[in-house]
Student: 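Please read through the structure below; I'll follow up with questions.
The model shown is predicted, which means the values in this text are computed figures rather than measured ones. Both ligands and their constituent atoms are indexed starting at 1 by order of listing. Computed over heavy atoms, backbone and side chain alike; hydrogens, waters and symmetry mates excluded.
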Amino acid sequence: MQERQSIHGSWASRWTFILAATGSSVGLGNIWKFPYITGENGGGAFVLVYLACIAAVGIPIFMAEVVVGRRGRQSPIHSMRDVALEAGRDPRWSWLGWMGALAGFMIFAFYSVVSGWVLAYVFHTLNGTFNGAGSEAVGAVFDGMLGDPTTLTLWHTIFVAMVMVVLSRGISKGLEQAIRIMMPSLFVLVLLLLMYALTTGSFGRGVEFLFAADFSKLSWNSVLVALGHAFFTLSLGMGAMMVYGSYMPKNASIAGTAMIVAGLDTLVALAAGMAIFPLVFANQLDPGAGPGLMFVTLPVAFGGMPGGQVFGFLFFLMVSIAAWSSAVSLMEPAVAWMVERFPVSRNQACLVLGAGGWVLGLGALASFNIGADWLLFGMNFFDFLDFVTANLLLPLGGLLTALFVGWWLPARISRDEMSRDNAAGYSLWLLLVRFIAPVAVLVVFVANLYSKFAA
Ligand code: TRP
């Protein structure tokens with residue numbers, strides 16, 4: 001069969017795919033979420049479980065998504081349909097693509113709200129708002145911001161516009177150009193902040209906290225958190241890697257690429273931890289502070305240290321870049337679908353979908369003020385979006401992708417896409433994607449629901 005071509009263009013090289021996929025995976029998940037869940041779950045033992053989840057579940061499912069995307073060369077909705085047809089299967093597998101696009105929308109809504117906070121903090125650090133401030137003062141700034149819908153809407157709107165501008169320019173002129181500037185800056189900033197953490201004097205304690213495994217601190221729930229986070233941080237389960245894979249050159253090794261992306265993602269998460277925890281310990285703050293770790297604890301640390309204003313500014317700049325390059329991948333599946341399906345330009349598709357995501361985001365940001373008591377299943381709208389995506393739609397999407405590629409897709413197709421990878425690697429991957437990944441996800445999925453609704 002003649003190879004399909006994407007109408008949206010393609011990455012200039014395998015390395016551009018790697019940078020774009022790394023841009024998608026490295027985000028708030030690495031810098032905001034990973035350190036605080038590590039702090040809440042006791043440190044080293046949790047990190048070890050998380051690494052195992054990345055290797056045994058994350059990488060195989062990542063590869064499965066790229067196999068389908070590169071075979072189909074379209075948005076996940078149309079790729080799933082056509083690859084299923086090519087495999088002699090039911091075209092209604094396209095529903096998997098629909099579910100992913102929906103999940104992307106829902107994540108986008110709350111992701112852009114939190115990213116808005118980060119943008120606000122770029123300005124706070126630039127203005128020196130936190131210089132010499134204690135926990136209470138920083139907490140007051142944070143709470144004050146959350147309680148003010150106008151300010152939140154302003155930052156949320158700016159962030160949505162930033163994302164849509166990149167998306168509207170298309171693959172080569174938009175995503176690829178942006179990634180070429182953002183990713184090197186991101187790596188430089190991570191290194192700078194690591195060096196800063198080295199000078200604080202508590203570097204050793206931070207590293208010990210991250211790497212000394214004490215399994216007595218590990219609960220069953222921590223294992224669930226670790227696996228769920230492996231999905232979120234690698235952008236799996238909603239078609240982001242599928243759509244990026246559809247722009248990937250045919251001659252690139254899928255396994256090699258997946259391992260590089262997962263490796264870079266993990267490095268940034270660990271580096272963020274090594275940059276953050278020394279500051280926390282040097283200032284006698286609490287590593288288990290939860291979601292406020294980045295927005296309250298860390299500014300207190302920066303506020304009390306020499307050079308803290310500059311490095312605080314660089315830190316939040318780094319987080320904005322990371323969040324920006326992630327958020328584009330949340331919307332690309334829907335944008336690509338709309339351009340394929342209707343006679344609209346990319347600009348028009350971005351305008352319509354961006355407006356939709358923006359409105360949904362307004363609902364999410366209202367959860368912190370005027371809509372605090374609009375409850376769905378006992379959760380405010382922000383928590384609802386987070387819960388439904390991270391705990392339901394992403395694991396379900398990942399599970400179905402693994403099952404489709406492992407069991408429904410004939411080996412001749414997956415083998416063909418993986419022709420750059422050696423036979424032993426292929427067999428190992430098939431084993432992981434057929435058995436290990438589905439079983440692990442199923443266990444997490446059921447346990448998550450159980451802990452939420454039955455306990
Ligand atoms: N991986 C990103 C982060 O860690 C978030 C993200 C982007 C994502 N695209 C995704 C999560 C798709 C799940 C699915 O911040």
Student: Would you say the side-chain atoms of Trp117 pair up with the backbone N or O of Leu152, donor to acceptor, closer than 3.5 Å?
Tutor: no
Student: Using a strict cut-off of 4.0 Å, indicate which atoms of ligand 1 neighbour a heavy atom of Ser24.
Tutor: 1 (N), 2 (C), 7 (C), 9 (N)
Student: Name the closest protein heavy atom to atom 14 (C) of ligand 1, giving the residue it belongs to and the distance to 0.1 Å.
Tutor: Met238 CG, 3.3 Å
Student: For a quick test of your reading: what N or O donor-acceptor pairs under 3.5 Å do the side chains of residues 259-278 make, sequence neighbours left out?
Tutor:
from, atom 1, to, atom 2, distance (Å)
Asp265, OD1, Ser25, OG, 3.4
Asp265, OD1, Asn30, ND2, 2.9
Asp265, OD1, Thr233, OG1, 3.3
Asp265, OD2, Thr233, OG1, 2.9
Thr266, OG1, Ala262, O, 2.7

Student: Counting both backbone and side chain atoms, is some N or O of Leu28 under 3.5 Å from an N or O of ligand 1?
Tutor: yes
Student: Taking atom 15 (O) of ligand 1 as the point of reference, which of Tyr111, Tyr244, Trp32 owns the nearest heavy atom?
Tutor: Tyr111
Student: Considering only heavy atoms from C-beta outward, does the side chain of Pro299 approach that of Tyr121 to under 4.5 Å?
Tutor: yes
Student: For residues 91-100, which side-chain N or O atoms pair as donor and acceptor with protein atoms under 3.5 Å away, sequence neighbours left out?
Tutor:
from, atom 1, to, atom 2, distance (Å)
Arg92, NE, Asp90, OD1, 3.2
Arg92, NE, Asp90, OD2, 3.3
Arg92, NH2, Asp90, OD2, 2.8
Ser94, OG, Pro91, O, 3.3

Student: If you have a sec, work out which protein heavy atom is nearest atom 6 (C) of ligand 1 and how many Å separate them, to one decimal?
Tutor: Ser235 OG, 3.5 Å
Student: Between Leu234 and ligand 1, does any nitrogen or oxygen pair lie at a separation below 3.5 Å?
Tutor: no
Student: Taking only heavy atoms of Thr233 into account, list the atoms of ligand 1 that are under 4.0 Å away from them.
Tutor: 1 (N), 4 (O)
Student: About how many Å separate CH2 of Trp155 and CG of Leu119, when rounded to the nearest 0.5 Å?
Tutor: 6.0 Å
Student: Are any side-chain N or O atoms of Arg169 and backbone N or O atoms of Leu175, one a donor and one an acceptor, separated by less than 3.5 Å?
Tutor: no
Student: If you count the atoms of ligand 1 from 1 in the order shown, which ones are under 4.0 Å from a heavy atom of Ser25?
Tutor: 1 (N), 2 (C), 3 (C), 4 (O)
Student: Going by the order shown, which atoms of ligand 1 are within less than 4.0 Å of some heavy atom of Ser329?
Tutor: 7 (C), 9 (N)
Student: Taking the basic N atoms (NZ, or NE/NH1/NH2) and the acidic carboxylate oxygens, is any pair closer than 4.0 Å for Arg346 and Glu340?
Tutor: no
Student: Is the backbone of Phe316 close enough, under 3.5 Å, to the side chain of Ser320 for a donor and an acceptor to pair up by distance?
Tutor: yes
Student: Under a 4.0 angstrom heavy-atom cut-off, which atoms of ligand 1 come close to Leu330?
Tutor: 7 (C), 8 (C), 9 (N), 10 (C), 12 (C)
Student: Would you kindly specify which portion of Leu394 sits under 4.0 Å from ligand 1, judged on non-hydrogen atoms: side chain, backbone, both or neither?
Tutor: side chain
